[in-house]
Number of protein chains: 2
Amino acid sequence: MTNLRIPGPTPCPDETLVEMSRQMINHRGPEFAHSLNNVTFGLKQVFQTTNDVFTLTASGTGGLEAAVVNMLSPGDKVLAVSIGVFGDRFATIAKTYGAEVIHLSFEWGKAAELEAIRKALNENPTVKAVLVTHNETSTGVTNDLESISKLVKEFDKLLLVDAVSSMSSINFPVDEWGCDVVVSGSQKGWMVPPGLAMLSVSEKAWAANAEAKMPRFYFDIGKAKSYLEKGQTPWTPAISVVFAMEKALQMMMEEGLENVFARHIHIADVTRQGVKELGLELFADEKYASNTVTSVRAPEGLDVKLLLKIMREQHDTVLGGGQLHLAGKMFRIGHLGYVTEEDVKDVLNKLKVALPEAGFEVKS
Amino acid sequence: MTNLRIPGPTPCPDETLVEMSRQMINHRGPEFAHSLNNVTFGLKQVFQTTNDVFTLTASGTGGLEAAVVNMLSPGDKVLAVSIGVFGDRFATIAKTYGAEVIHLSFEWGKAAELEAIRKALNENPTVKAVLVTHNETSTGVTNDLESISKLVKEFDKLLLVDAVSSMSSINFPVDEWGCDVVVSGSQKGWMVPPGLAMLSVSEKAWAANAEAKMPRFYFDIGKAKSYLEKGQTPWTPAISVVFAMEKALQMMMEEGLENVFARHIHIADVTRQGVKELGLELFADEKYASNTVTSVRAPEGLDVKLLLKIMREQHDTVLGGGQLHLAGKMFRIGHLGYVTEEDVKDVLNKLKVALPEAGFEVKS
């Protein structure tokens, strides 16, 4: 079987895939309500929140758009903290819908610096919301969201978090950290195919929602709330993905959340260690290296495109390249969701063979 | 097995359900590009168009939103022709995003009248676009879209069509009828679970898109176009549903489009005939009665809610009720997509038993 090691979509266990093939049911009937309510209950446990949690039929990007359009009005000033492609995307969505965006960018590969955020908030007292990525897959960096949250709360700002590739794999207690809107996507650490975005909404966020004037219809969480009270979604949901999510949440609870997080920590350690043993360097600042994706800096002489092709065609292993201006300069190994230590060791063994063929002599 | 006879989601054949359980692949790799290109090719055949056709990860409502936000600017005047819930929804979406909506409503159960549309267009020469539902599932009526299209083209207006529940089941040659944006949804006649909206975009529509200023990001078809050139979608797509759609399109081509349409015509005839033989009346004006859903007027004494409950719990048959102010006043039998004459005969036989228990004596 292909070893799909990109940071999403991720491989799914047979247990969730079989749920994907269930026959259709009435999305306004009692059987679907039962599944949706189970999913909502399970999501709240993983988000570690008593806030409302909704499932939308969309990719993670749709979830980020939902966060923006439900919380803000055109002209609102927001501070967008970006450490890569997905941070930039969050900022662009806000700008597209008419927010005045203060774009606070950090060098790709580094985490966001607290003092820079503090300075930006001091200099811009009218900022309404802070947008931040928890785990940036484009660079393989996880922000210190606990500290960022604490700082943002000091300034009493709304905090909107992209947790698309962290939630379910990396510990993120939403209520303890006081995050207002937190977005994830089914195809990341959830062991489920793409099709659902999930987001939590705090009381403070609901207050912002009551004032927010950006236009919204498909992604209107007010409608999502009134329908969820009946065990429904406003529009026809991706029923199959809800079934798969119901099963995946059950599997996560059986494994135990703490164990899921510990597994990701351990596998990430193994990956980083293995990469270094090959004589390669991490792209990410190691202090903030992600536990869901490892980014590797392309050394002198390595043809990344060729490496990925050899890995795919000769070793049945799919890795991620660098995005945008990082193309050719790095590659990425995803290790989130349904992943074992053997899966990443298999990648490392195959890299050992493939790297020299793509121009880089590994350490012996 | 449950006889799911609502106008969507619809039952899926084993052939498409098994595709839903395929393992995940890289959505930026050659294997996915192959599937997406196959789907795009197949969709063009069913839409009978050489226009661009896109798949978005969303429900049909998301597709309608995409049609609105990609074609219009705030302040644009549009004529929204409505014959039920979904026509009203299309109008509401346009209004939500700042269009000036002239709402031309017809009595529920009737089709739109050409002369009224002509009058509205004569009285409102600055109308930029006409929004119309091809097949209105809430009332079981199919508009004479060929004539409406011809009229709208006489006035040289942009024509945006909700074909969510008609395309794939009812003949709708998009190019021949000159429709600019046409939207459908995977869970209707396509024999595929929910998760994808599909829409075609004419050259005239692209010209409108170049001027359109409504904010859009997730549903931006400009991005969809540039990614489709690489066999990709801008955001992670519902891969499983794309796989199922690939198979369903192949099955439709094997059956032959003409045969698919003929099957729907025949089964609708059987349904309408059978309903009348039970002593019931159609809700829809029979001249425009839909070939994908039959709406039945609740006779004096019939408790619709009880009828649906008996059908569901005692006969394993799921029918649709009336929506909004039609609740309790009618019920609906869906017969689109993966449906046979036996499926609707089974419904009719079971109604014969259940109707008296719910307060209506059927004709003997």
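All chains are named by letter (A, B, ...) in the order of the sequence lines, taking the proteins before the strands, and each is independently numbered beginning at 1. These values consider heavy atoms only, across backbone and side chains, with no hydrogens, waters or symmetry-generated copies.
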Options [options], ranked by heavy-atom pairs under 4.5 Å with chain B, top entry:
options                                  : value
Pro30(A), Ala238(A), Pro194(A)           : Pro194(A)
Gly98(A), Pro234(A), Gly195(A), Ser21(A) : Ser21(A)
Ser240(A), Pro237(A), Pro215(A)          : Pro215(A)
Pro9(A), Pro74(A), Ala244(A), Gly321(A)  : Pro9(A)

Within this structure, what is the [atom1]-[atom2] distance for the pair [X] and [Y], rounded to the nearest 0.5 Å?
X         : Y         : atom1 : atom2 : value
Leu4(A)   : Asn26(B)  : CG    : CG    : 6.5 Å
Met24(A)  : Leu17(B)  : CE    : CG    : 6.5 Å
Ile239(A) : Gln187(B) : CD1   : CD    : 8.0 Å
Met214(B) : Tyr97(A)  : CE    : OH    : 11.0 Å
Thr61(A)  : Phe217(B) : OG1   : CZ    : 6.5 Å
Ile6(A)   : Ile25(B)  : CD1   : CD1   : 9.0 Å

*Ring centre gap for Tyr218(A) and Tyr218(B) strictly below 6.0 Å*: no
_Partner chain A: residue of Ile93(B), Val241(B), Thr16(B), Leu64(B) with the largest heavy-atom pair count (under 4.5 Å)_ = Ile93(B)
*For Lys95(A), look at atom NZ and say whether over 12 heavy atoms of other residues, nucleotides or ligands are found less than 6.0 Å away.*
no
_Heavy-atom neighbours of Glu211(B) CD exceed 12 at 6.0 Å_ = no
_Could you check whether any side-chain N or O of Gln23(A) sits under 3.5 Å from a backbone N or O of Cys12(B), counting only pairs where one atom can act as donor and the other as acceptor?_
yes
Contacting region of [X] [heavy-atom separation from chain A under 4.5 Å]:
X         : answer
Thr233(B) : neither
Arg22(B)  : backbone
Thr2(B)   : neither

*Is any side-chain heavy atom of Phe243(A) less than 4.5 Å from a side-chain heavy atom of Met20(B)?*
no
